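Worksheet for the structure shown next.
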Amino acid sequence: MKKHILIVEDDPIMRLGMSHFLKSEGFVITQSPDGEDAIKKIEKDRYDLIITDLRLPIFDGFEILRKAKALSSYTGVIIITAYAEVRDAVQAIKEGAFDYLAKPFSNEELLIAIDRFFRFQNLQDEVVHLRQTLKEKGGLKDLIGVSPAMMDVFDRITAVSITDVPVLIVGESGTGKELVANAIHAISDRSDKPLVKINCAAIPENLFESELFGHERGAFTGATSFRKGKFEFANGGSIFFDEIADMPFSLQPKLLRVLEDQTITRIGSNSPIKVDVRTIFATCKNLKECVTAGTFREDLFYRINVVPIVIPPLRERKDDIPYFIENFMKHFCERFNKPGLTISELAYDALLSYNYPGNVRELKHAIERAVILCTNSRIELKDLPNEIAAEVSMTPCNRRDITLEESIKCFEKQKIIQALRDSGGRKIEAANKLGISRKVLWKKLKEYNIT
Ligand SMILES: Nc1ncnc2c1ncn2[C@@H]1O[C@H](COP(=O)(O)OP(=O)(O)OP(=O)(O)O)[C@@H](O)[C@H]1O
Ligand SMILES: [Mg+2]
């Protein structure tokens with residue numbers, strides 16, 4: 001992605017000169033002649049960097065700096081000052097400007113300041129990665145499950161986490177693949193280094209290579225500054241390729257090469273860099289079928305399929321559901337400050353019977369929603385999503401919260417209604433179908449209030 005720079009300078013010659021030069025260096029440039037116009041632009045668009053003169057008509061460079069910082073801490077500001085204003089420049093830096101340039105300055109000095117800023121931005125990105133990793137540490141304790149299938153998954157996680165072999169996590173959407181990847185990293189001895197994540201389905205094919213391997217300044221049109229790739233960010237840690245089946249075919253050999261010799265080369269460079277990275281892959285597709293279909297390379301498949309971890313869909317491990325319910329209830333009751341919330345037996349039954357095409361994620365969302373919607377101290381059927389609630393309304397006579405007698409009556413009533421419907425409302429016919437006398441039917445219609 002090209003970096004977008006806003007240049008605010010009232011002297012047209014200087015403004016045009018800088019714009020022209022920076023455009024030729026591959027930046028996207030927007031120009032602004034005064035403070036008012038600049039602030040309008042900052043409010044409207046997002047810039048990577050603002051280079052602004054300090055003395056400007058209407059609002060000065062300080063106003064622009066404050067506005068830019070208030071809107072996004074990500075945007076950098078470089079101040080241009082006259083020699084006499086160095087004290088102001090120091091003040092600007094105190095208020096969050098990245099750097100200042102004293103007039104007159106050369107194109108080269110300008111470029112150095114810009115480059116320094118974008119390097120700093122890269123470091124910031126790295127910090128974000130690290131912070132994310134810290135948050136996700138915690139490992140296995142986040143993973144719930146008691147079913148034999150999940151016990152297997154836990155065993156595998158523990159076994160692979162002490163090695164460096166590639167791991168392939170396979171499971172339907174919402175089964176917890178990402179959570180498993182987090183756990184593997186968190187309990188490995190790489191856990192103090194980043195776990196960098198890449199969603200292979202979300203990166204456009206033309207940016208993929210630079211995302212993974214990084215690029216040098218000027219490596220291609222738009223490569224306005226040097227950039228580290230994900231493999232370098234992950235150095236010493238792990239890298240998680242989510243939706244690996246969607247990795248562009250053309251890139252698959254390049255990934256395979258990195259897996260084989262653990263070296264990467266930034267685009268535009270010819271010196272390979274050694275990286276020490278543990279790779280984890282996830283997919284909800286059948287990779288073997290992708291190989292047959294010709295969208296996934298067979299050699300890469302064998303390379304990453306060394307230790308598969310298969311997470312079965314929730315409907316095939318229903319023993320886990322009560323534990324999920326209990327944990328998610330606890331979590332969301334705390335989060336939404338609703339202590340002591342319970343679940344009605346009916347709602348509980350519905351949650352146990354449903355077959356969850358969206359797996360654990362669907363169950364989790366259902367409980368979150370119910371905790372939010374619930375207006376008294378008990379979650380009722382009506383607080384659940386329709387498709388889950390429907391599980392129970394289909395079998396009301398079988399409910400756990402009613403007595404045997406109520407259950408029998410419920411069933412009797414259903415049978416009578418059914419017989420009446422089948423015989424078009426003709427009572428004699430319905431009584432015959434049910435094998436009871438007209439008189440008994442009459443009595444029951446009254447008792448059950450059937451009209
Ligand atoms: N075993 C589990 N214990 C606790 N929470 C779980 C478990 N499995 C899944 N979840 C929760 O379900 C949600 C979905 O999990 P996750 O994002 O890991 O699934 P996924 O398999 O990566 O899904 P997708 O294929 O859609 O990306 C998350 O909120 C996660 O916390
Ligand atoms: Mg996922």
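Basis for what follows: all heavy atoms, side chains included, without hydrogens, waters or symmetry-related copies. Bear in mind the structure is a predicted one, so any value in this text is a computation, not a measurement. Each ligand, and each atom within it, is numbered from 1 in the order the structure gives.
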- [ ] Provide the full list of side chain to side chain donor-acceptor pair (under 3.5 Å) pairs with a residue in residues 324-335, sequence neighbours left out, each pair given once.
- [x] none
Task: Set of residues satisfying salt bridge (charged side-chain N to carboxylate O under 4.0 Å, His left out) with respect to D37, sequence neighbours excluded - done: K41
Task: With sequence neighbours excluded, residues passing salt bridge (charged side-chain N to carboxylate O under 4.0 Å, His left out) with R278 - done: none
Task: Check against side-chain contact (heavy atoms from CB on, under 4.5 Å), R315 and Y356 - done: CA-CA 6 Å; R315 63 184 169 278; Y356 299 99; 5.7 Å; no
TODO: Answer yes or no: is there an ion pair linking R227 with E211, defined by an N-O contact shorter than 4.0 Å?
DONE: yes
Task: Sub-4.0 Å heavy-atom environment of ligand 1, residues by chain - done: D142, L143, I144, M150, E172, S173, G174, T175, G176, K177, E178, L179, F324, F328, V360, R361, K364
- [ ] Measure up the F241 and F231 rings against each other and bin them: parallel (under 30°), tilted (30 to 60°), perpendicular (over 60°).
- [x] tilted
